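What you see is a predicted model; the values in this text were computed from it and never measured.
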Amino acid sequence: MSTTEPEASRPSDDRATPDFLLHSAPGTGVAPEDLVMASGRDVTPATLEWARKKMEREGPNCIERLLP
């Protein structure tokens with residue numbers, strides 16, 4: 001198939017998502033449940049307690065370490 005548009009100038013379907021779209025904006029109400037789910041764990045009383053303690057120690061920005 002021929003085209004007049006060079007390969008390098010065509011839009012790519014496999015482009016990376018821009019960084020600003022990947023972050024959770026942690027100052028906007030991150031809950032312990034959010035942190036548990038971002039860590040890939042099930043929401044249980046034990047994991048909620050883990051998340052509460054982690055957020056107390058590290059602040060709501062700790063979720064950013066778990067997200068891309």
Side-chain angles (χ1 to χ4, degrees):
M1 174 176 165
S2 85
T3 179
T4 59
E5 191 174 1
E7 184 75 27
S9 66
R10 280 190 226 150
S12 172
D13 291 335
D14 63 349
R15 289 187 179 167
T17 302
D19 195 47
F20 72 91
L21 292 176
L22 296 175
H23 292 277
S24 64
T28 60
V30 174
E33 291 86 356
D34 300 326
L35 187 60
V36 170
M37 291 189 294
S39 72
R41 301 174 187 187
D42 291 330
V43 178
T44 66
T47 58
L48 288 173
E49 184 61 25
W50 165 82
R52 283 186 199 97
K53 288 179 181 178
K54 185 169 182 69
M55 290 176 73
E56 285 174 11
R57 279 191 319 271
E58 302 175 26
N61 288 340
C62 65
I63 197 168
E64 290 297 321
R65 293 182 196 100
L66 298 173
L67 299 176

Worksheet entry | Closest non-hydrogen atom pair between Pro32 and Ala51, with its separation | O-CB, 3.5 Å
Side-chain polar contacts of residues 53-60 - donor-acceptor pairs under 3.5 angstrom, sequence neighbours left out - could you list them?
{"from": "Lys54", "atom 1": "NZ", "to": "Glu58", "atom 2": "OE1", "distance (Å)": "3.4"}
{"from": "Lys54", "atom 1": "NZ", "to": "Glu58", "atom 2": "OE2", "distance (Å)": "3.1"}
{"from": "Glu58", "atom 1": "OE1", "to": "Arg65", "atom 2": "NH1", "distance (Å)": "2.8"}

Less than 3.5 Å apart, which donor and acceptor atoms pair up between the side chains of residues 36-47 and the rest of the protein, not counting sequence neighbours?
{"from": "Ser39", "atom 1": "OG", "to": "Val36", "atom 2": "O", "distance (Å)": "2.6"}
{"from": "Thr44", "atom 1": "OG1", "to": "Ala46", "atom 2": "N", "distance (Å)": "3.4"}
{"from": "Thr44", "atom 1": "OG1", "to": "Thr47", "atom 2": "N", "distance (Å)": "3.1"}
{"from": "Thr44", "atom 1": "OG1", "to": "Thr47", "atom 2": "OG1", "distance (Å)": "3.2"}
{"from": "Thr47", "atom 1": "OG1", "to": "Asp42", "atom 2": "O", "distance (Å)": "2.7"}
{"from": "Thr47", "atom 1": "OG1", "to": "Thr44", "atom 2": "N", "distance (Å)": "2.9"}
{"from": "Thr47", "atom 1": "OG1", "to": "Thr44", "atom 2": "O", "distance (Å)": "3.1"}

